[in-house]
Protein chains: 2
Amino acid sequence: MTAKSMTRAAFLVLTALADQPRHGYGILREVGELSDGEVQLRVGTLYGVLDRLTADGLIVLDREEVQQGRLRRYYRLTDEGVAALDAEAERMAAGAGAAKRRIAAGRRTGAPSRPAAEGPAGLEPPTPPGLAGGFA
Amino acid sequence: MTAKSMTRAAFLVLTALADQPRHGYGILREVGELSDGEVQLRVGTLYGVLDRLTADGLIVLDREEVQQGRLRRYYRLTDEGVAALDAEAERMAAGAGAAKRRIAAGRRTGAPSRPAAEGPAGLEPPTPPGLAGGFA
DNA sequence: CGATGATATATCGGCTGCCGATATATATCG
DNA sequence: CGATATATATCGGCAGCCGATATATCATCG
């Protein structure tokens, strides 16, 4: 079945929960710290994602605590959630690798922009094969 | 400025164009082949993405050909497009690595699901620090 | 010769999903 | 007392993806 790719926000939440259970606000902070502030998960995005992930069985409510008068609702990954995150990480790494390889391949002629002004216009380049290098 | 992350479809199009200019239908086929059929870019998605990428200056219309009575409109990456793709690939690789590391970190106790039935419920685990391992 | 399928372009409506704004409540700090 | 941090949650708008649809040419098969 291979299960189709999750959204970016979902990936961030799952990653934040990968090492230990966290509550909503904690997830928000963790995502920010994880990327040194570059990637930010918005509050308005969080709860929808949490609901969807729960409905999909990738996370579950771990426990509720009242800490200093404030409610904390902790979530944790299910086995299915771990598997999904792992699969997504694999896909992303593969995609990133493929992109890098192809950038390098396109650099060969040293002409990234202007393609050197073709001849009399004809005969399309027959897709120089060889190093394909796929996603998976 | 760091430029915010592009959409998945945009990433796929840029990747397909990374090694050489291609026309719309060719991009569609290339994306499919690249992932061995796992990832598919839909026709209904393509042209909107192409327009947006053009407006953003990441790709440009390279040339138009009439091959066997059918029009082919070739696009290619701009220097800015190459840079954007490269940056995105970097981000994805970092994110994938971070997820993998955290999954491994969470596996330590060998209790991925049930957290071993806590004691009388109190004293949250004080966020065992150490190996943080960020995105970037 | 007509049907089917691959090639190739493009549009549109609907649905999903992200985000800014907003609301509520408590604890801390100045 | 007001501002800031912690913590939850909802809602409306907008961007973006996808299925369906339309159009046209060429090759293949019956």
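Residue numbers start from 1 in every chain, and the chains themselves are labelled A, B, ... in the order their sequence lines are given, proteins ahead of strands.
- Under the Watson-Crick and G-U wobble criteria, each requiring two contacts below 3.5 Å, nucleotide C:dA21 is paired to D:dT10.
- In this structure a side-chain-to-backbone donor-acceptor pair under 3.5 Å is missing from B:T45 to B:L41.
- A salt bridge is absent between A:R70 and A:E65: the closest approach of a Lys/Arg side-chain nitrogen to an acidic carboxylate oxygen does not fall below 4.0 angstrom.
- Nucleotide C:dG30 forms a pair with D:dC1, judged by Watson-Crick or G-U wobble geometry with both contacts under 3.5 Å.
- C:dC15 atom P lies 16 Å from atom CZ of A:R52, rounded to whole Å.
- The interatomic distance linking B:L12 (CG) with D:dG16 (P) rounds to 15 Å, in whole Å.
- Side-chain N/O atoms of B:R72 and B:Y74 include a donor and acceptor closer than 3.5 Å.
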Using a cut-off of under 3.5 Å, enumerate the N/O to N/O pairs linking the protein to nucleotides 7-11 of chain C.
{"residue": "C:dT7", "atom": "OP2", "partner": "B:Y25", "partner atom": "OH", "Å": "2.9"}
{"residue": "C:dT7", "atom": "O2", "partner": "B:R70", "partner atom": "NE", "Å": "3.1"}
{"residue": "C:dA8", "atom": "OP1", "partner": "B:R72", "partner atom": "NE", "Å": "2.5"}
{"residue": "C:dA8", "atom": "OP1", "partner": "B:R72", "partner atom": "NH2", "Å": "2.4"}
{"residue": "C:dA8", "atom": "OP2", "partner": "B:H23", "partner atom": "NE2", "Å": "3.3"}
{"residue": "C:dA8", "atom": "OP2", "partner": "B:R29", "partner atom": "NH2", "Å": "3.2"}
{"residue": "C:dA8", "atom": "O3'", "partner": "B:L71", "partner atom": "O", "Å": "3.1"}
{"residue": "C:dT9", "atom": "OP1", "partner": "B:G24", "partner atom": "N", "Å": "3.4"}
{"residue": "C:dT9", "atom": "OP1", "partner": "B:R73", "partner atom": "N", "Å": "3.2"}
{"residue": "C:dT9", "atom": "OP2", "partner": "B:G24", "partner atom": "N", "Å": "3.4"}
{"residue": "C:dT9", "atom": "OP2", "partner": "B:Y25", "partner atom": "N", "Å": "2.6"}
{"residue": "C:dT9", "atom": "O3'", "partner": "B:R73", "partner atom": "NH1", "Å": "3.1"}
{"residue": "C:dA10", "atom": "OP1", "partner": "B:R73", "partner atom": "NH1", "Å": "2.0"}

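- If you measure from atom NZ of B:K4 to atom C1' of D:dA15, you get 10 Å, rounded to the nearest angstrom.
- Taking atom CZ of residue B:R42 and atom C1' of nucleotide D:dT21, one finds them 16 Å apart after rounding to whole Å.
- In the hydrophobic cluster analysis, where Ile, Leu, Val, Met, Phe, Trp and Tyr join through side-chain heavy atoms closer than 4.5 angstrom, B:Y47 is grouped apart from B:V60.
- Dashed line: the shortest gap from a side-chain N or O of A:T7 to OP1 or OP2 of C:dC18 is under 4.0 Å.
- By the 4.0 Å N-to-carboxylate-O rule, A:R8 lies close enough to B:E88 to be salt-bridged with it.
- There is no side-chain donor-acceptor pair under 3.5 Å between B:R73 and B:Y75.
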